[in-house]
Peer 1: 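So that we are looking at the same thing, I have put the structure below in structure tokens.
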Amino acid sequence: MRDDVPASPAPERCRRLQALLVDWFDAGQRGLPWRRTSDPYRIWLSEVMLQQTQVERVIDYYERFLLQFPTIEALAAASLDDVLKLWEGLGYYSRARNLLAAARIICERHGGRFPSDSEAARALPGVGEYTSGAVLSIAYGVPLPALDANAVRVFARLFGVKGDPARGETRRRLREIARATVPDDRPGDFNQAVMELGATVCIAGRPDCLVCPVVETCAARAAGLETEIPPRRRSSTSAVTEVAAVARDGDCVLLMQRPHDSYWPGLWVFPSADFDGPNPGEAVEALLHQAGLEAEAGHTLLELSYGIMDRRVELTVLCTEVGGEPTAERWRWVALAEIEDLAMPSPHRTIAQALPGG
DNA sequence: AACCCGTGGCA
DNA sequence: TTGCCAAGGGT
């Protein structure tokens, strides 16, 4: 055996794990909307929404999305603006753009049906190793692993894999474990059982080993390392100050659409910018001048703080008198009644709801 | 490989 | 309050 090929767990141990976890899943799985369907489209949609997003946050978005787009064909015919509006508040908005692009590809090249072939699925935008394995195992019974953050934690603890899962060698070991443990029989239920265990019992903080169906087989528990595996991620946040302008012209307000190569791609925001000086009014006026507008900053409408990625933002929102038409692309005067139809990120939706008459 | 991409709940 | 975390993918 070559050194760079991780050892597989023993077949007998894999079978034991499969039986215990699937029985546990059968006995007590949560009733979730995407578990009441076998439609590959619906399972795909749920997996995309669940990327880096907890189950409880997804449920309402999932059901609203399917009311508007019940089939892949309906989704493929939609506009990006409509899809983004349904995604508003869920985060990671490139998922919505990729979902729409993939739906159009599926209609053009796959007869409107999510492909059951792994390579074809992986070729779709927004469908990576995890999502392809999850959809194919759950919707089509293909014995592929679905190694999400839950499964990484569960396998690392069960098999005593101590390294940082972000590192290549540890990741290869965990992928080999996931590949070896997924059964030919009911692979989708096994994958969901592993993830369900990680989400409800074998959680990141303090795992509830007393109710774990596989605690007898757990290497981390046997060594007293269940809270040390996997190692904590380190993170740092930076503090940032921003200004935003609420520029009114009668029943209209000035908005700008975010570019696709940064955060909040394609979403609408009040004109805003970082600033680090003592005078937020000057910063707002400079921002609007760059867009070809005359501007005079007025009073503070509200101040709010929000987090985005690793940034902690203190945002000052200024009412601003504006003259002229914006020359910059992506800037628009929008009627107050139309704002609710545009997709806005959470902090800017908060601003919109604070507008008098808005 | 390492970094970018959201949001809100929780301790 | 601050940091951690979540059914990842693209580059």
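Numbered from 1 within each chain, the chains take letters A, B, ... in sequence-line order.
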Peer 1: List in numerical order all residues of residues 194-206 of chain A for which some heavy atom is under 4.0 Å away from an atom belonging to DNA chain C.
Peer 2: A/M195, A/A199, A/A204
Peer 1: Any side-chain donor-acceptor pair under 3.5 Å between A/Q192 and A/R35?
Peer 2: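 Their side chains do contain a donor-acceptor pair, which is all the 3.5 Å distance test asks for.
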Peer 1: Do A/F65 and A/F69 have ring centres separated by under 6.0 Å?
Peer 2: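 For A/F65 and A/F69, the ring centres are under 6.0 Å apart.
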Peer 1: Taking 4.0 angstrom as the limit, do A/E228 and A/K162 come out as a salt bridge?
Peer 2: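 A salt bridge is absent here (no side-chain N lies under 4.0 Å from a carboxylate O).
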Peer 1: Checking all strands, does A/T237 fall into the base, sugar-phosphate, or nothing category for heavy-atom contacts under 4.0 angstrom?
Peer 2: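 Sugar-phosphate contact only - A/T237 comes under 4.0 Å of backbone atoms but never of a base.
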Peer 1: Does either side chain, that of A/Q51 or that of A/T131, offer a donor lying less than 3.5 Å from an acceptor on the other one?
Peer 2: yes
Peer 1: Provide, to the nearest angstrom, the distance between the CZ atom belonging to A/R234 and the P atom belonging to C/dC5.
Peer 2: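 These atoms are roughly 12 Å apart.
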Peer 1: Would you call A/R179-A/E176 a salt bridge at under 4.0 Å N-O?
Peer 2: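 Yes.
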Peer 1: Between A/D26 and A/R186, is the closest basic N to carboxylate O distance under 4.0 Å?
Peer 2: yes
Peer 1: Expressed as a whole number of Å, how far does the P atom of B/dA11 sit from that of C/dA7?
Peer 2: 16 Å
Peer 1: OP1 or OP2 of C/dA6 versus the side-chain N and O atoms of A/R153: is any pair under 4.0 Å?
Peer 2: yes
Peer 1: Just N and O in the side chain of A/R232: are any of them under 4.0 Å from OP1 or OP2 of C/dC5?
Peer 2: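 For C/dC5, OP1 or OP2 has a side-chain N or O of A/R232 closer than 4.0 Å.
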Peer 1: What does the B/S/- profile of nucleotides 1-11 of chain B look like, 5' to 3', with a 4.0 Å heavy-atom cutoff to protein?
Peer 2: S---BBBS---
Peer 1: For A/R35, which contact category applies under a 4.0 Å heavy-atom criterion: base, sugar-phosphate, or nothing?
Peer 2: base
Peer 1: Both A/S46 and A/R122 contact DNA chain C. Taking the nearest nucleotide for each, which residue is further toward the 5' end?
Peer 2: A/S46
Peer 1: Give the residues of residues 126-142 of chain A touching DNA chain C, defined as any heavy atom closer than 4.0 Å, sorted by residue number.
Peer 2: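 DNA chain C contact set from residues 126-142 of chain A: A/G126, A/V127, A/G128, A/E129, A/Y130, A/T131.
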Peer 1: Should A/R172 and A/E169 count as an ion pair when the cut-off is N to O under 4.0 Å?
Peer 2: no
Peer 1: Indicate whether any N or O donor in one side chain lies under 3.5 Å from an N or O acceptor in the other, for A/N150 and A/R153.
Peer 2: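 A pair is found: one side chain offers a donor N or O, the other an acceptor, under 3.5 Å apart.
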Peer 1: Output the rounded distance in Å from CG (A/L50) to C1' (C/dG9).
Peer 2: 15 Å
Peer 1: Ring of A/F159, cation from A/R13 - is the NZ or CZ under 6.0 Å from the centre and inside 45° of the axis?
Peer 2: yes
Peer 1: What integer distance in Å separates A/F190:CZ from C/dA7:P?
Peer 2: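 My rounded result for the distance is 16 Å.
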Peer 1: Base, sugar-phosphate or nothing for A/W87? Non-hydrogen atoms, less than 4.0 Å.
Peer 2: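 No contact at all - A/W87 keeps every heavy atom at 4.0 Å or more from the nucleic acid.
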Peer 1: Would you confirm whether the ring centroid of A/W34 sits within less than 6.0 angstrom of the ring centroid of A/Y62?
Peer 2: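 Centroid separation for A/Y62 and A/W34: below 6.0 Å.
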Peer 1: Are a donor atom and an acceptor atom from the side chains of A/R95 and A/T53 found within less than 3.5 Å of each other?
Peer 2: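 Judged by distance alone, the side chains do pair up.
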Peer 1: Where the side chain of A/R221 meets the backbone of A/T217, is there a donor-acceptor pair that is under 3.5 Å apart?
Peer 2: no
Peer 1: Can you tell me the distance, in whole Å, between the CG atom of A/N150 and the C1' atom of C/dG8?
Peer 2: 12 Å
Peer 1: How is A/I43 classified with respect to the nucleic acid when contacts are heavy atoms under 4.0 Å: base, sugar-phosphate, or nothing?
Peer 2: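 No contact.
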